[in-house]
Number of protein chains: 2
Amino acid sequence: MIADRFTALVRSLPATVPFVGPETQERQRGRPFRARIGANENGFGPSPKAVAAMAEAAALAWRYGDPENFEVKRAIADHLGVAPGNVAVGEGIDGLLGLAVRLMVEPGDAVVSSLGAYPTFNFHVAGFGGRLVTLPYRDDREDIERLPDAAAREDAKLLYVANPDNPMGTWWSAEAIARLIRAVPASTVLCLDEAYGEFAPDGTLAPIDVTVPNLLRFRTFSKAYGLAGARIAYAVGEASLIAAFDKVRNHFGVNRVAQAAALAALGDTEHLAYVRGAVAAARERIASIAAAQGLEALPSATNFVAIDCGRDGAYARAVLQNLIARDVFVRMPGVAPLDRCIRVGCGPAAELDIFEAAFADALAAARG
Amino acid sequence: MIADRFTALVRSLPATVPFVGPETQERQRGRPFRARIGANENGFGPSPKAVAAMAEAAALAWRYGDPENFEVKRAIADHLGVAPGNVAVGEGIDGLLGLAVRLMVEPGDAVVSSLGAYPTFNFHVAGFGGRLVTLPYRDDREDIERLPDAAAREDAKLLYVANPDNPMGTWWSAEAIARLIRAVPASTVLCLDEAYGEFAPDGTLAPIDVTVPNLLRFRTFSKAYGLAGARIAYAVGEASLIAAFDKVRNHFGVNRVAQAAALAALGDTEHLAYVRGAVAAARERIASIAAAQGLEALPSATNFVAIDCGRDGAYARAVLQNLIARDVFVRMPGVAPLDRCIRVGCGPAAELDIFEAAFADALAAARG
């Protein structure tokens, strides 16, 4: 039986997936969503320069992308004021987190995260046999005061923290994150997921210091740069830690068209400023929509807003299902007490109009 | 020390990479290649419909691709006469081979391949701690008569065979491959790499039978479809074997623009026919160029031709270096006796013109 020939670890893994995509839901529902504001995608889209770069690169898609991602790494390094050797480029933060877990985690090794934090990271930890230890959020933020102690106690290989946070949208200051970085045990690599960093207020992202030997920062072109479908992101860290990715990564794995898009996107600071402004306005709008229903929106440093539905998880899930039934794609945190919220993406005005109209009905139906 | 915290396996891995890309060589040389015919890319390019599909999809690159690859899987399934559940889509055959190894191979498990066969497969085997056992090629073909016995003797988890073969371009008939499939031990998964299958003569690809429980066939949009840079390929096999990929793959890993390209490319049978014709003509041309130098080209069922330089590996390497010095990017097999050959890609006529002129000089310089 071939089933007996899978690794022991694979045999123990469930067949679950981290996220069901909106397309799957559309197929199950038999009709499309009218508003796609559930996957923290950036509906304001990529830079027109990135779109043009993709169209131009398409004709040369017969060529493999540069396996060294040389130009992209150089541009990122210049952007951040580090050396190219401090940058690893990969197929989205998901891909890079998978590699980070693979590099460090053997079956039984502890990995620390927060209860309700990024499921795909947990998927990778499970996929390499890691033992996930979680601390609860505190006041809807990851408990960065206590997480380092947990990492020390568990002799954790990795500690995952997102700043700003997903799924709550909350954030810590650069000073608090700098304290976290200092507090993490020397034998634990802090995986600092800054996917939403470009949306955050000034003073949120800690200064980059690539001399810290146990820190990997993950950033992406998926969010503020509007290139989620392109699958290109990067890790920044101390050079020897970054070099380890080369031992295990799929060297030719990054799409050539995505490389061109990332380069163009990084260069278009004007479009980035436009997106940041549009997202900030959408955050306000979502908060107003919530307030009009007597609900509170959590302050957000991301391109989504968690709306506290004011009751328990079952109630918020009913609201969510009612929104989906009204063709609005949204998601929500998976565990209590975070799951009293639904998570609404900062889409363009037309989609928020649809959300606004559906939300009142969805709440009424859930109450009712 | 963080270096002590990597897994034991990772600590044991060398920092080598499977292939140095042409861009790296261009940077080292300080000037571009004039002919890019070394990576088995398809210089005749993707279908214009695929290029148009990419340009159109670019504006929606802010959306994640469908993590189920539903449309692509359905189109492939229809194309092959199997069910979508028999198809796994991934980031190139390289990515899918990595997943196949991860699913099956624990440290110390045996994996059988041929000496000089695909280095990236070996990279993955090493990356998961597998013990690679190789048999020599026989008459420049993978020794499919003896490989099943080796798999049985070693209790191999995987057996890798490419048909048509890379790097030699040789092939076995469908009947011979069908015998191989029957001869592989029931406890070994045959990884049948058919990346170059579309270039092969009729009667090369064995009929697809997804009831075979221990067979994975790998096909790609990188070669005949001219989409190497798009990173999209598929594995075909028995449904429960295919389903296992979902346990470990990067679910959102396939580029959305690549999904659109693959769909369009698969539908453009006319362009595929054009590419096949152009490649066949280029094969003849390369054989003629070799013959004009008194050298033999191996018959090829792929989009490259191995030219037997007629002496040993050191000589062929000198020829290769002389070609590279003349701005012609080519590669060659890594081990004897295959390394008496250089491998020349079936590029467009202008690139073969450059190769032709450079080849005479390169041979003369190597002869000294």
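Chain A is the first sequence line, chain B the second, and so forth, proteins listed ahead of strands; every chain is numbered from 1. Please read all numbers here as calculations on a predicted model, not as lab measurements.
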Exam field: side chain B:R102 to backbone A:G127, donor-acceptor pair closer than 3.5 Å: yes

B:E23 with A:R256: basic N within carboxylate O range, under 4.0 Å: yes

Chain A contact via B:A186 - side chain, backbone, both or neither, heavy atoms under 4.5 Å: backbone

Contacting moiety of B:A233, where chain A heavy atoms sit under 4.5 Å: neither

Closest non-hydrogen atom pair between A:M54 and B:A58, with its separation: CE-O, 3.5 Å

Minimum heavy-atom distance between A:Y64 and B:K223, given as atom pair plus value: OH-NZ, 2.7 Å

Contact origin within B:Y225 toward chain A - heavy atom pairs under 4.5 Å: neither

Side chain, backbone, both or neither of B:F123 within contact of chain A (heavy atoms, under 4.5 Å): side chain

Contacting moiety of B:R27, where chain A heavy atoms sit under 4.5 Å: side chain

Donor on one side chain, acceptor on other, B:T7 and A:E106, under 3.5 Å: no

Heavy-atom contact with chain A under 4.5 Å, split by part of B:A8: both

Heavy-atom donor-acceptor pair, A:N255 side chain to B:A230 backbone, under 3.5 Å: yes

Part of B:P14 within contact of chain A (heavy atom distance under 4.5 Å): backbone

B:D155 with A:R5: basic N within carboxylate O range, under 4.0 Å: yes

